[in-house]
Amino acid sequence: MLSICLRHSSPHLSCTSALALTLSTSTRHSALSTSTRHSSSQGIVIPPRIERGPTDLLEALASTVGKDHTAPHYRYHDDPWLIPYKNISKRDFTLSKEAGKKAAQYILNKHPDLFDQNRIVAEPPITAFQPRAAYNRDNVTLELLDNLVTSCQVQDSIEVFNLLNEKGKDIPAEVKQSLLELVAFYNENEAEEEGMESRGMLKEQESWKVGGFVDQMYSEGGVATESERVAMLVGLGRHSGGQRVWQMYQECKANNDKVPEEGFNAAISRIGTKEGVDKIMGSVKEVLSDMKEAGVSPTVNTLISALGVLAFTAQSREYEGCCRHSLDLIAEFRLLGVEMSLGVYKVLLDIFADKKANSKSPILSDILKQLDGKDIFLAQNPQDVWFMPRAMQVCNQQNNAKLAWRVDEFLNTGHNSRLMSDFQVLNVYYQNFLTVVLQNDEFQTAMELYNKITPHSFSPMFSYYQILMNHLHANGALQHLGKVWDDIVISNYAAANKENQYVLTHQVMQILKANDPAMSDFTGLSDVWVDIARKVFNHLEEGKSNKALYLRFNTLAPDICDLVVAVALREGNYELGAKVVEFCREEKTVMTKSLSEGVLGDFINASVALGEKDKAVGAVEYSVDVGSSQAVQVGLVVAGTDMRADQRDYLNKLFTSHTGWVNI
Amino acid sequence: MSPLHGLSHMVVVREMTRSTRMSVRPITTSCRMLAREDGKRNYDAATILEDEKKGVFRVIEIGKPKDGDRKMFKRRGGQGAAPPPRSASMTPDQAWGSVWPAPRTFHPAAVPLPVRQGVVQTKAQVVPSKYANAELMKIPNFLHLTPPVISSHCQAISKFCTAWPKGLQTEEDMDEHFPITITTSDYLNSNSSVRDRRARIVQVRLKLDSLPLDSHAKDKMIRLVGDRYNEETGEMSVTSDRCPYRGQNEDYCKYLLTALLHESWRVEDWERKETEDKEVFKTGEEEEGDRREALEALLNVGEDEVAVLRYKEEVRKMLGLPEQLVVPTVVGGEVGGE
């Protein structure tokens, strides 16, 4: 009898990604060896198999894929016409996608009978996509309530509970208790759907529903039991119940309840911050000693709550006291073996880096030294997510670009970038990052960073663009101006209101005026200048009757027109200049100021030189209408040219009341 | 609950509310949007009184304004030109593996190459460019597997690879120590169901030389497996798809191999025939007559000129005929010289 022994010695070939719609196959070959037939005379040594999990190969391959900065976020459709560039569009896209999902679920729940015979059978079946059952008096039972509570269906269980109460059924105490815990934990909202934050939806910050279902249930039950009180305490703490948290905590303490760690954390976070630091620390220590007596070991959340209380006080006075106490607290918790999460460091930054006093606290570089190279993207506390933006804010306040780069490096180690979950976090982080690098680092580096991040990772605010354009002007880096201006336009003037839009256009026109393309090393700038000037003017013209800012109230409009004409004439583009002058003529009653004399003079000279007599006469008329002091001069200039009779008469008529005019 | 219920308190970061100079309009006579472009008559509080003094009075407008809708439409701010495609901002030294990580339908805006594809009927036409080119989209592309990307993938996977075993350098070594190959296939799809019935098929391949068989056993084994034996490679393959699960099919194949091995060694009574079926024709051993080598060569090896000639000689010898000498003749062309 021969025995065949199995040995899988050749590795799998990995499957291609499951996102492919086409079929893909992979074949697995395994070789079996006969061990008794030929003993290994040559001494075949098969190295032992390196164990790997089912997705390890895929993860290894995925680790070779970095971030593509030229691409929009994965959630958007990758088409040049459909990529959102404005913050509003990005938000709209996310919200509309969610709205679509909700609408589909609404239809599914409203008409479940239409979805009985599906062509596509999901195997294994997906309960989340099946229509929700409607509950009425007939089909509610106690087991149903039990099931709903254990599977965390908050609103369904409330409905079923009410129906059972109406029916008059007697509900056992444990079911009531678990229902109370469930509803208190979720504050009567549905449990958050998985993946909401990764799709870009922000969590709603709701406070406790006072007088809602939970409060009613609690008060109806007569004298509260220990577990009920604890459930209320935890629920209130989770959803910012205000003063009731402290009251509930005192109640629990009075009744010697076994308060869990979350209860203690909630109590600490509600310690009043009006008294001095020492009193606050006293209360904190009290709660902590209660914890010790109860035998509950504190976690990092406790530490963060305690530090959070200190952070409030650090803003006002007693800065050193808060700092000292916070460091003591951290040392103690470290002795207890509590692992620090990013939230701790975030609250530390809140304490040490004072927003107003501009203190140059070196706390951030110490923190970064601690965190160097660590991959701690698993968030344990909501504050963890805010560490990066806060760190960047601190860097910006302290004007420290090197630290900013270190924070960015930390963000890119391992999976830490997963912490940047929603728009708010992203915006704060990148706004501060871009600003601090622009203002404190080399211009070239700042431009590279800007080009990398805009517009897909982040669309900057208009304040950043102002600073950027100033730097462009100061560094003479005019080759970037075209792209920067395009970015500004496509992001809808960086989401600025109408006034600020004109501030931006005014600024760019000033830069255009101040920098003569003929003097710079770059070619082709002249066309870019004219193009920008034209776009600026079109923007002004289209916005003249905009409800937000009428032309008559737009104080910058005349300056803008002025600069546009100046630039147009300098770059030899007469039509644009003529168009602007025409516009100013039409709107002369509405615009607050008129075109400046120098510019008008240049224009008239140019018109005369090009033989555009009508326009020249029109310009002269304009200068007379606005009461310019050089009206007569320019009139004489025009008069010097060869003109038709009616034009001569018109000029004479214009200047009838002017001294120094000689009829021609 | 309406679908938008949950959205009513979505946190939306609002940009700064704009500050308007005129916070309250004193009189509103009609919609601002109905104001006419040419500015001749503005139904605007500030200008109405002046107009009336000049003798220009307001005209009542009953019914839907005609250019009102168009005005509103225009106010939306038209589409504008699309920004340049992404390929314009890609640098030549970017990480292509990050841009195109997985197989993907060809997307012209993301590929920084000026590829063209298509057939043209006349010389005057130009081969179509990559934008809106269905031909480029239909064919499979391997943009996700450029050589540098493949090297980076190999580097990433290499940590799971062990060294090739020493002593397994040649194919013969591998056949000797690892003779059996089992092949199964996995099928992926993006359906709501992940199952595919074809994944149950198992094929076991084995070289017959690696089995301990004598001549009778080998002969019987080949007869038993029939078509499944490949004469050129000496390999037999057994495929099973009769069971619903892959593991069951694999077990069944192994059972079949075991059964075949044992069966081919067994000699049944009915196998012993008076005239046995042999693969090789042999004469002169037990029966009458001498060895008929030429005949054996013809029947066992095959026919060709030499073999047929030899057979002829043998038969002539048997029949007592004189031998024929074979005279070589020169075919074609003169031999130079002699």
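Quick note on labels: first sequence line is chain A, next is B, and so on, each numbered from 1.
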Atom of Pro80(A), atom of Ala109(B) and distance for their closest heavy-atom approach: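 Smallest heavy-atom distance, with atoms named: CG-CB, 3.7 Å.
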
Taking every non-hydrogen atom, the tightest pair across Arg86(B) and Thr70(A):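 Result for this residue pair: CD-O, 2.9 Å.
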
4.5 Å side-chain heavy-atom contact, His177(B) and Ile46(A):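 His177(B) does not reach Ile46(A) side chain to side chain.
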
His69(A) and Ser98(B), any side-chain heavy atoms less than 4.5 Å apart: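 Heavy-atom side-chain distance check fails, nothing below 4.5 Å.
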
Distance (rounded to the nearest 0.5 Å) between Met174(B) CE and Ile44(A) CD1: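 So the CE of Met174(B) and the CD1 of Ile44(A) are separated by 10.0 Å.
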
Straight-line distance of Ile157(B) CD1 to Thr64(A) OG1, nearest 0.5 Å: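 Result: 9.0 Å between the selected atoms.
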
Atom [atom1] of residue position [X] - does it have more than 12 heavy atoms of other residues, nucleotides or ligands inside 6.0 Å?
X	atom1	result
Lys483(A)	NZ	yes
Lys110(A)	NZ	no
Lys588(A)	NZ	yes

Closest-packed option against chain A by number of heavy-atom pairs under 4.5 Å, given Arg195(B), Gln94(B), Arg104(B):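 Of the options given, most contacts go to Arg195(B).
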
Among His107(B), Met90(B), Lys159(B), Gln155(B), residue most engaged with chain A (heavy-atom pairs, under 4.5 Å):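 The residue among His107(B), Met90(B), Lys159(B), Gln155(B) with the greatest pair count is His107(B).
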
Interchain contact, Tyr85(A) with chain B, by part (heavy-atom threshold 4.5 Å):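 Only the side chain of Tyr85(A) comes within 4.5 Å of chain B.
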
Among the listed options Asp78(A), Asp56(A), Val45(A), Asp486(A), the residue most often paired with chain B at heavy-atom distances under 4.5 Å: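 Top count of heavy-atom pairs under 4.5 Å with chain B: Asp78(A).
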
